[in-house]
Amino acid sequence: MMEIFTSLLTSGISLATPLLLAALGEIIIEKSGIINIALEGMMLVAAFFAMYVALISGSPILGLVAGVFSALLSAAIFALFCVGAQADQIITGAGLNIFALGLTGVLLRRIFGLTGATITAPTFTILPVPFLQKLPIIGPALFTQNALVYLALLLIPITWLLLTRTRLGLHLRAVGENPAAVDAAGLPVQRLRFAAVLIGGSYCGLAGAYLSIAQANTFIEGMTAGRGFIALAIVIFAGWRPFAAAAVALLFGVASALQFQFQAFGLKVPYQFFLMLPYILTIVVAAFFRHRIQAPAAMAKSYFREG
Amino acid sequence: MRRPTEILRQMALWFLPAMLAFVSASGFGALLVSGFGYSPLLVFSTLWEGAFGDAYRFSETLLKTVPLVFTGLAVALSFRTGIWNIGAEGQFLAGALIVTVFGVKAANLFAPIFFLLTTIDIFLSGALLGILAGWLREKHGVSEVISTIMLNMIVLQFLGYAVHGPLQEAARTYPQSDRLAEVARLSQLWPGTRLHSGVIIAVLLAIVLWLVLFRLPFGFRLRVIGQNPHAARFAGINVSRHIIAAFALSGGLAAIGGAIEVAGVTGRLYENISPGYGFTGIAVAMLGRLHPLGLLPAAFLFGALESGARALQRNLGLSSVLAEVIQGMTILFVVLFETRWFRELLNKRLNVK
Amino acid sequence: MKLFSKVLFAFFVLLFISSCAKEKTATNQFRVALLSPGPVSDAGWNAAAYEGLQRIEKELHAQISQIETKTPSEFEEAFRDYARQGYQLVFGHGFEFQDAAAAVAPNFPKTVFITTSGNTVRPNVAPMVFELEHATYLAGALAALLSQSGKLGMVGGIEIPPVTSTFDAFEAGAQSVKPDIKVNRSFIGNWEDAGAAKQAALALIDQGCDFLIHNADAAAAGVFQAAAERNVLVFGTNKNQNDVDPQHILASCVSNIPAAFVEMAQLVRDGKFEGKIYRLGMPDGVVSFEINPQLQSQIPPAVMTRLEEIRRQIIAGTIKVPSKV
Amino acid sequence: MMVDKRHAFSGVREIRLQGIQKHFGPISALAGVDLTLKAGEVQALLGENGAGKSTLMKILFGLYRPDAGAIYFDHQPAKINSSADAMQLGLGFVQQHFSLVEGLTVAENIVLGKLPSRFYEPRSLQQQVQNFINTNGFALDAAAPVRELSVGERQRVEIIKALYRQANFIIFDEPTSVLAPLEVETLFATIRQLQANGKGIIFITHKLDEVLQISNRITILRGGKNVATLETSAATAENLARLMIGEIAPPIAAVNHANKSKSAVVLQVANLQVRHERRHVTVHDISFELHAGEILGVAGVDGSGQRELAETIMGLRAPNAGTIVWNFHRDKAQSRLHRQRIGFVPPDRLTDAFVPEFSVAENLLLESSDNAQFRRAGFLAAAKVKRHAEKLIEDFNVVCKGPQQKLRELSGGNQQKLLLGRALGANPTALVAMNPTWGVDVAATAAIHQRLFDLRQRGGAVLLFSTDLDEIYALCDRFLVLHAGRVMGWATAATSTTQVGLWMTGRMSATTD
C-alpha cells in the first residue's frame, strides 16, 4: 500500500512539474498585468529546441539552455506585440500558439525527414539525493527525480521571494495593479512588463524542455497536449500565489497519476471516466476551497500615457 | 472643402493598415515557402483557388465558416458581458452529443415534436454547461476560466465514453454513433456540394444576437454589466441573474453549432468531431471586435484560410504545419496592424508629409 | 471590424491578381493520394502510410499527394477533392474514413477508395485490413512464457478497434500459453502525449507488469522511456522499432504497410482491383514478428521453439487469432 | 545650461513656468500661462473646472509635454520629460485621483520607485517607513494594505510619498474635494507644517473659502489663461469669484426652512443594522422617518457608515436586522418599477453610476432600459432614447457635443449634472443622493443644489448624504450626524457647527434632552 502511495506521488510530481513551471512563469507575467495564453506555444518551441540541441550536442544541459533561450525569443515576440505595440493579448497569444505548433512541425519534418524518426534525445537522468531519498513515503517520491524537478521545487520559493522580497517583484506587482501609479512614481511601465514576460517565458522554456528532455526524451508534434491551458487554470486556482500553485499542480499531477493507477489496476470502468478525474477534482476542490483572491487589477489591459 | 492631399491621406489611413497586414503576412509566408522550394506566387494562387476556385471550393469554405460563427457568437456574447467563457469547445461537443441522441434514438417521434424537443435539448445541453460555470462563479467563486477549461476536458472524455458505450453504433465495432435519421439531418442547400441550411441559421443567429445585444433592453444591460458590473448593480440591474442568463445563452449558441455540424456535415458522432472550433472561436470573436456581425467576415477569413491550406497540401504537397505557420502569422499581423501603436505611427508619418 | 473587412477585401484583391498567374497541370499519369488522420512525422502509423505513398511514387512512377485530415467533416471534402481532380486511387488511412469513402464513391466510379481497416465495401471502395493481431498474439505468448510476475501491461492511445483488437490478440496469445496470466490495459486518450504514456507505463510496472506492449503511435516514446527507467522489456508495434532502444525492446510487431500500399496501387493500376475486404496478415508476409537480435540471447531455446510452433500454426491458419476489425 | 537633477532640489527657491501652451487635438487647454512658485509659500491656483489648472500642473510634473513654453528652476531652464525627472527635481504631486497601488501596503506604496536595494524584507521596510511617518508627525499604519484605507488616509499616503522623495515643492490637486470637514482641518494643519518647514505648496481648488483660509498668494486661471495673481491679504471672496467666473456666482438658493405641517412619511427606517463583509464598519440600530417635502441630511466623515446606510436603503446591501419601508411600494427596493420612484445619486459617478465608455444617451438609459417610454415593440427605440437625452442635456445645462458623445469625455461637473438629471428625470417621489456635488465647480454646485431644493418644493423627499457640512447646512431641513455607524445626534441649520463638528468626530454625545 505504501509503495502504491509512493509511486503515485512520484508519478504525480513528475506529471506536475511542467505544469508547475509554466504556472510559476505565468504568475510572474500575470502579476505584471499581462495575460499570456501562449504558454502552450512557448513550451512547444522550447521542447523542440531543447530536444534538438541536446541531440546534436549530446548534452542535456545545452539542450536546456537552448530550450530556455528559444522560449525567451518567443516571449520577446509576444512582449513586442503586447507590450511594445499594445496588441490584443488574447489574439496574439492564440496566434502565437498556432504559429508555434506549425513552426515546430515544419522544423521537425525539415530536420528529421518528412516521416519523422523515433528520436531519443539525451536526457536528465534520475538523480537521487543522498539521505533524503531514504525518508519514508515522500523520500523516494520527492528525492529520486531528475535535476529539473529539483529546479522546479527550488523555483517555488525563488518565485515567491522574487515577488515579495525584491525590488523588481514589488515593481512588477505594482505595475499589474496600477500602471499609472507606477508611471507616476517614475518607473518604466513597459520595460517592467517586458521583463516580466521574459522571465515568465524562461520558466515556460524550462517546462517545455522538461517535456522533451527530462520526461519523454523525444519530441512529438503537439506534445504539450493542452498543458499550457491547464497551467493557466492553475494560476487562477492558486490565486497567483507560487506555493498555492505548487499545491494545485501537485493535486492535478496526483489526480492524473491516480487515473493511470486505476487503469493499471484493471478497474472495469470506462477509461474516459478516469481521464476526467483530474478535471472533476479540480472543479470540486476549487468550489470547496472558495476564495476570492482578486486578479491583478490591470490584467490584460495595455497601458499608455495620455497627453 | 477638403484639399486633395487630405482626401489622399484619409484614403491611405483607411487602406494602408489592411494592405500592410496582408503584404507582411504574405511577404513572410512567401519567404518561408520559397525557403522550402515553392514559388510564392503559386502558393498564393493555390490558396485562393482552394478557398474560392470554383463553386464547390467556395461552398467548402462556407462550410468551414459555419461552426466558427457559432462558437464565435458564443464567445462574443460572453466576453461582452464580462464573462471569460473558454468553454465553447465543450458546449459545442455537448450540442453534437445531444443531436445524436435524438437523431438516433428518438427519430420516430412525430416530426414537429421531434424538432421542438431536439432544439430545446440541444440548447439546454450547452446552456446547462454554461449555467454550471455561472453558478460555480456566482455562488462558489470559481473563476469561469478554470471551470470552463475543465468542463471542456470532461465533456470531451464523456463524448469519448458515449461513442464507445451507450451511443456506439449498433454494429458495436467502431467508436462512432449510428447515422442520424434523415429527419434529423439538415437539408442540402446547394446540390453537388455539402453546403447545408446551417449556413443560413448561422447568419440568422448572428443577426438575432446583434439585435439582442444592441437593440434589446436585455442586451443593453448585458453590455452594461460587461463594462461596469458595479454601476449595473447600482442601477438596479440584477447582475447575477443576467450573468447566468448570458452564460446560458453563450453555451446554448455553441451547442447549436455542434448540433449543426453533426446534423449538417458528418451525420454521425465521432470523438474528434471538433478540431478546436471553440478555441478558434475566441480568435474569431476578438478579430470581429466582439461584434456579432463583425465576426461573420472574421469566421469567413478563417474558413478561407483553412480551405486554402487544404489545397496547399493537396496540390503542392505543402505540409499542414507550414499552412499552420502561415495561419498563425496572418493572425499576428492582423492584430499588429490593428494596434493603437501602429495607428499612431501611421498618423504621424502621414502628418509629417 | 471596419478595418477587418478591409483586410478581407485586400486579401481577395491580391489573391485574385495572383490567381491569374497560376499554371495549369494536366497529365495522364497514375495519381495516388493519401488522407492521413495525423501528422506523417509521427514515425509510426501515419509515417508508414506516407512511406508507402513515396514508394508508389518511386516504383510505379505515380504522381502522389497527401493531406492531413483531422475531423470527419474534412474526410469527405478531401476524398471529393482528389476524385474531382482525377486521382485514380485514394487511401484513407484508418477505419474512420469508411463513411466518407462510401458517401463519395458513387459519384466518382473511376476512383478507387481504400480505407485501412474497416468493413465497408462498394464496387470502388475496399478496406485493407492489416492483421497485426497475428504478431501481437505471438508477442503475448512470448511475454507470458518469459514473465516472472505473471502480469503484462498494454498502453494504448485512443480506444479504437484497431488498437483494442491488437490488445485482445495479445491477451489471447498470453493466455494460450499461461491461462492464469493477468493482462492490464491503460489508455492515455491521445497519440501525442508521451509524458502521459510514460506515466501510464510506470503505473503498470508499479502494479507488477514486467512486459509491456504499446499501441500508442508517437506517444510510445514515453512507454519505451518508462521501460528503460525501470528496466523491463517492451514490444514495439506497427514498425520495426527494435533499434529505438535495443536494450529494452525485445521484439516488434511489424506490419509492412508500405509494401501493402504498393501492392494495392499495382492492383488498381493494372485494373485488377475488386471491391472486397483485403486481409493482409502473417500468411501474406505483410505482418511479421521481428525479434531484436541483441536480446535474442535472453530467450531460452525451449521458448524459441514454442514460439516458432505458434507462428507456424498462425500461418497455417490452425490458430484462429481473434480480430475485431 | 541644465539644472543638475540630483542636487538641485535642496537649494531651489523658485520655480517659474513661462508661456506654457498645450493643445488636446483641436482644443486649446492652455494658451500661454505664466506661474511663479516660491519655497515657503502656499500658493492657491484657483479656477473653474476646465480652466487648465490640472493640465498646467501635469505639465510641471512631466506627465504631459507642453506644446510651447519653458520651466525655470532658480532661473535655469529645466527639461521635465517624465514624472521621474520631476521628482528628482524635488517636486511632489498629490493628485485628485490618487496614484496608489491598492494591492500593496502603505510602506510599499511609499517606497515604490525609491527602494534603495534590490532586496527587501517587508517587516523591516514597514518599520523603517513607520519611523519616517512618525517623525513627520502623521498617524498611519505602514503595514496596512492601501485597499483598506479611507480616502483621507490615502491622501496622507500621497503626501508622505512626496516627503519620502524629499520633495521641496508639493502640488495638491483639489485635495479637499474628497475630505470631510475635520479631515480638511487636519490637512490644513499638515500644509501649514510643511510650509513652516520651508516647502513650497501649490494648492489647486475652486473653493473660495479654502483659498482665503490657507494660501499666501493666489493665481487665477480662466479658460487656459492667467487672469490675475494677488496676495491673499488683498483678496475677498467676491472679487475672487468675479475673477474666476467672470461674473458673480449665482447665490446658492436661500432655502426657506419654514416648517411645514407634518406631511406623509415616505420612508421609514427602523432599528437598522448592517455589517460590512470585510471591515467592521457597521451601521448600528438606526431609525428615522423621511417625510414628503423635506430634505433630510445624513452628515458624517468619510467612513462613518454613510455609504453602507445608503446602499442598504437602496436595497444594494442586505440589512442584518431592522426594516426599511417605502410607503408607496412594499417590494424589495431592487425592483425596477421601484427605481423610477426613487432617484439615486451614488457617491462615485465613474465607478458607481456610469459606464464611461458608453455614450451620454446610453448612460441615461442605465436605470430605465425596461421602461416602456424607450421601447417600440420590445426593442430599444433609438430616436426616443436620443430625444430623451437631448431634453435632459438641455434641462440640466449639460455641456457636451450631444447624446452620442462618450461620457468619459465630459468634464466632472457635467457628468455630475447628468447623473442628477438621470435621477430626477423620471420625476421621482424620493431621491437618495450621496455627495452630489463632489468635485464640481461653483456654478454647477449651485445648479445642483437648486434642483434638490426644487424637488423638495414639489413635495418630493430627499435623503442627502454628504461629507460637506456647508452643503448640509445650506439645504437640509434637519439632519442626523453619523459617526462609526451610530447616530450621534439630530440637528437643524440652527444647531451650532461646533456641536455638529464634535458629533462628527464622535468625541461628545448630545448634551441635551
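Excluded from the calculations below are hydrogen atoms, water molecules and symmetry mates; all remaining heavy atoms, backbone and side chain alike, are included. Fair warning: this is a prediction, and the values are worked out from it, not measured in the lab. To find a chain, count down the sequence lines: A is the first, B the second, and so on, and within it residues start at 1.
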Taking the side chain from C:E159 and the backbone from B:H164, do they hold a donor-acceptor pair closer than 3.5 Å? no

Taking every non-hydrogen pair under 4.5 Å, which of B:N272, B:V265, B:V321 racks up the most with chain C? B:N272

Largest heavy-atom contact set with chain C, pairs under 4.5 Å, which of B:Q157, B:E60, B:R194: B:R194

Under 4.5 Å from any heavy atom of chain C, what part of B:E306 do you find: side chain, backbone, both or neither? neither

List for me each residue that meets salt bridge (charged side-chain N to carboxylate O under 4.0 Å, His left out) alongside C:E57, sequence neighbours excluded, and say none if there are none. none

By salt bridge (charged side-chain N to carboxylate O under 4.0 Å, His left out), C:E192 pairs with (sequence neighbours left out) none

If contact means a heavy atom pair closer than 4.5 Å, which residues of residues 72-85 of chain C contact chain B? C:P72, C:S73, C:E74, C:E76, C:E77, C:R80, C:D81, C:Y82, C:R84, C:Q85

Answer yes or no: does atom OH of B:Y56 have more than 12 heavy-atom neighbours from other residues, nucleotides or ligands under 6.0 Å? yes

Which one, B:Q176, B:E261, B:R268, leads in non-hydrogen pairs under 4.5 Å with chain C? B:R268

May I ask you to list the residues in residues 33-49 of chain C that approach chain B closer than 4.5 angstrom, counting heavy atoms only, ordered by number? none

Heavy-atom contact with chain C under 4.5 Å, split by part of B:S274: backbone

Applying side-chain contact (heavy atoms from CB on, under 4.5 Å), run through C:D99 and B:R179 and close with a yes or a no. CA-CA 10 Å; C:D99 265 1; B:R179 289 201 144 272; 3.8 Å; yes

Closest non-hydrogen contact found for B:Y174 with C:G118 is OH-CA, 2.7 Å

Are there over 12 heavy-atom neighbours, none belonging to B:F279, within less than 6.0 Å of that residue's CZ? yes

Atom group of C:N119 that falls short of 4.5 Å from chain B, counting heavy atoms: both

